[in-house]
Every structure is written in structure tokens, then in C-alpha cells.
Amino acid sequence: MSPPLNSDTSKTPRYTLPDTAMRRRFRRRLLGWYGKHARDLPWRHTRDPYRILVSEMMLQQTQVDRVLPKYEEWIQKYPSLKALASARPADVVRTWRPLGYNARPRRLHSIAREVMSQYGGELPSDEPTLRSFKGIGAYTAGAVQSFAFGRRAAIVDTNVARVLFRVFVGRGDRKSSLLKKHLWSLSAALLPRRNVFDFNQALMDIGATVCVARRPRCPDCPMSPICAAYPFDPDLEHGS
DNA sequence: CTCCTGTTTA
DNA sequence: TAAACAGGAG
């Protein structure tokens with residue numbers, strides 16, 4: 001009996017999905033934590049697809065505290081897709097200031113116009129159509145689907161990627177394309193049937209406030225008992 | 001997959 | 001000033 005020829009010597013991680021018990025523990029811990037520590041953000045009080053889209057496109061590039069006042073101003077000035085669609089491009093870009101990345105307000109504006117002219121003023125809810133808009137990629141499509149339409153859609157942004165990587169992978173290469181695929185699979189596998197909205201918001205929240213990139217606050221983290229990266233050692237997560 | 005864009009950080 | 005970042009485009 002020779003040893004298995006293909007026994008990888010722990011060099012290549014095998015990306016396996018957690019079983020149902022593990023998924024359940026993760027969800028319970030996450031939602032329990034969220035019940036106590038959720039941040040109160042204005043875009044969590046709406047299911048308006050337009051408002052969700054505005055907040056997500058702003059948050060793609062800018063931290064929450066800078067987005068907050070601009071989001072309010074924006075919604076005042078352009079309360080609906082229709083209002084935005086009829087605005088002049090120069091005004092739209094000016095209103096966006098000083099958030100920067102001016103391609104994004106232009107894309108948001110063109111989405112508004114396209115939705116008015118091609119989709120009867122209603123933002124579509126299906127993935128392929130959402131992704132057909134310039135400015136909506138995998139992350140934003142998932143966010144809009146789950147936050148605005150309550151669909152069971154996964155999200156992976158950098159916060160979520162970091163959390164899932166640490167809890168379920170723990171160490172190794174942070175930027176292989178296989179890993180990225182795996183994180184999307186994980187995010188989808190973990191999604192509860194109900195509470196999709198809260199679950200996805202909670203995932204991002206814990207990554208933004210506890211499981212942060214540098215000096216994660218493991219003592220405050222509900223995941224530490226089940227976390228593959230605990231106790232945290234920064235040297236164990238790196239590229240290549 | 002590589003490249004792109006402004007912004008932020010080393 | 002170079003490199004990292006973050007999500008998207010091609």
C-alpha cells in the first residue's frame with residue numbers, strides 16, 4: 001500500500017464548503033451579533049431599489065461617514081430614478097462632489113436614463129439585466145438583488161471576502177482567482193432562506209467594524225470560537 | 001485573465 | 001512617488 005500519490009502536502013488548500021451544522025452556527029452567531037451591534041444607516045431603512053443603488057455606488061469608493069451626508073443630499077435633490085434621469089449631466093456630477101471617481105455619477109445617471117427609457121422606470125431585479133448596466137458588476141448586482149428585492153443573492157465585497165477568508169480558510173494566498181470563486185460559493189452557501197437582508201448587511205458590518213484588515217478585534221468577535229484564523233496572526237494571510 | 005480609474009497610504 | 005486599493009470594464 002503506497003501512500004496516495006496525490007496527497008497535497010498542505011500547499012494547495014482544498015476549498016470545501018462547510019456542512020449544514022457549520023453553516024447554521026455561522027448564521028446564528030452572525031445574526032445574534034448583528035442584533036446587538038448593527039449600525040443604524042439610512043439605506044437600511046429602505047427597500048427602494050433606487051436608494052439602494054445610490055448608496056451602493058457611493059459606498060464602492062468611499063467610507064460610510066463621508067457617504068452619509070452626501071447620500072442625504074443626493075436623495076433630497078434626486079428623490080427618484082425619474083428625477084435623476086431628467087437632471088442635466090453637469091449637475092449630476094457637480095452634486096456628486098467631492099466624492100470623486102466621476103465616472104460613477106455618470107454611470108448612475110445613465111442607468112437612470114436607461115431604466116426610464118427601456119424598463120418603464122422600474123429597476124429590473126434579475127441578475128443578467130442588472131449586470132448589463134455599466135457600473136453594476138457582481139457585487140452591486142448582489143447587493144441590489146438582496147437589499148432591494150429580498151432575493152437570495154450572495155455578495156462579496158472586500159469586507160465580506162476578508163471575513164469569509166478568515167473564518168473558513170484561515171491562511172494562505174489571498175488573491176488567487178480560485179479563492180475568489182470559493183468565497184462567492186461560500187457566501188451563497190451560507191445565505192439563510194429568510195433574513196437575507198440582515199444576513200448580508202451583517203456580513204459587511206462585521207467586516208467593517210470587527211474583522212478589520214489590520215488589528216482585527218477578535219475579543220469582540222462572535223466568530224472567534226469557530227474561526228480558522230483565530231488566534232490571529234497577520235503573517236498567515238498573504239499573497240502568493 | 002489584464003487593465004482602468006482616482007484616491008489613499010507606505 | 002510608488003504601490004495598494006476597490007470594484008468594474010473589456
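Just so it is clear, the model here is predicted, and its values are computed rather than measured. Residue numbers start from 1 in every chain, and the chains themselves are labelled A, B, ... in the order their sequence lines are given, proteins ahead of strands.
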Relative to F165(A), does R162(A) satisfy both conditions: NZ or CZ under 6.0 angstrom from the six-membered ring centre, and within 45 degrees of the ring's axis? no
Looking at R217(A), I'd like to know if its CZ atom is crowded, meaning that more than 12 non-hydrogen atoms belonging to other residues, nucleotides or ligands lie closer than 6.0 Å. no
Give one of base, sugar-phosphate or nothing for T140(A), where a contact means two heavy atoms less than 4.0 Å apart. sugar-phosphate
May I ask you to list the residues of residues 96-114 of chain A, by number, that have any heavy atom positioned under 4.0 Å from an atom of DNA chain B? G100(A), Y101(A)
Are R27(A) and D198(A) ion-paired here, with the side-chain N under 4.0 Å from a carboxylate O? no
First-last contacting nucleotides on DNA chain B - partner chain A, under 4.0 angstrom, heavy atom: dC1(B) to dA10(B)
Taking any atom under 4.0 angstrom from a heavy atom of chain A, which nucleotides of DNA chain C are the first and last to qualify, 5' to 3'? dA6(C) to dG10(C)
Stepwise side chain to side chain donor-acceptor pair (under 3.5 Å) check, E56(A) with Y139(A): CA-CA 9 Å; E56(A) 291 303 334; Y139(A) 166 72; 2.6 Å; yes
Taking L178(A)'s backbone N and O only, do any of them form a donor-acceptor pair with H182(A)'s side chain (distance below 3.5 Å, no angle check)? no
Quick check: does any side chain N or O of Q61(A) sit under 3.5 Å from a backbone N or O of L99(A), one acting as donor and the other as acceptor? yes
R47(A) NZ/CZ over F197(A) ring centroid, <6.0 Å and within 45° of normal: yes
R152(A) atom CZ: more than 12 heavy-atom contacts under 6.0 Å: yes
Between K70(A), K77(A), E73(A), which is the residue that forms a side chain to side chain donor-acceptor pair (under 3.5 Å) with T95(A)? K77(A)
Base, sugar-phosphate, or nothing: which does R131(A) touch, judged by heavy atoms less than 4.0 Å apart? nothing
Both R214(A) and S176(A) contact DNA chain B. Which one's nearest nucleotide lies toward the 5' end? S176(A)
So does N200(A) get a backbone contact from the side chain of N195(A), meaning a donor-acceptor N/O pair under 3.5 Å? no
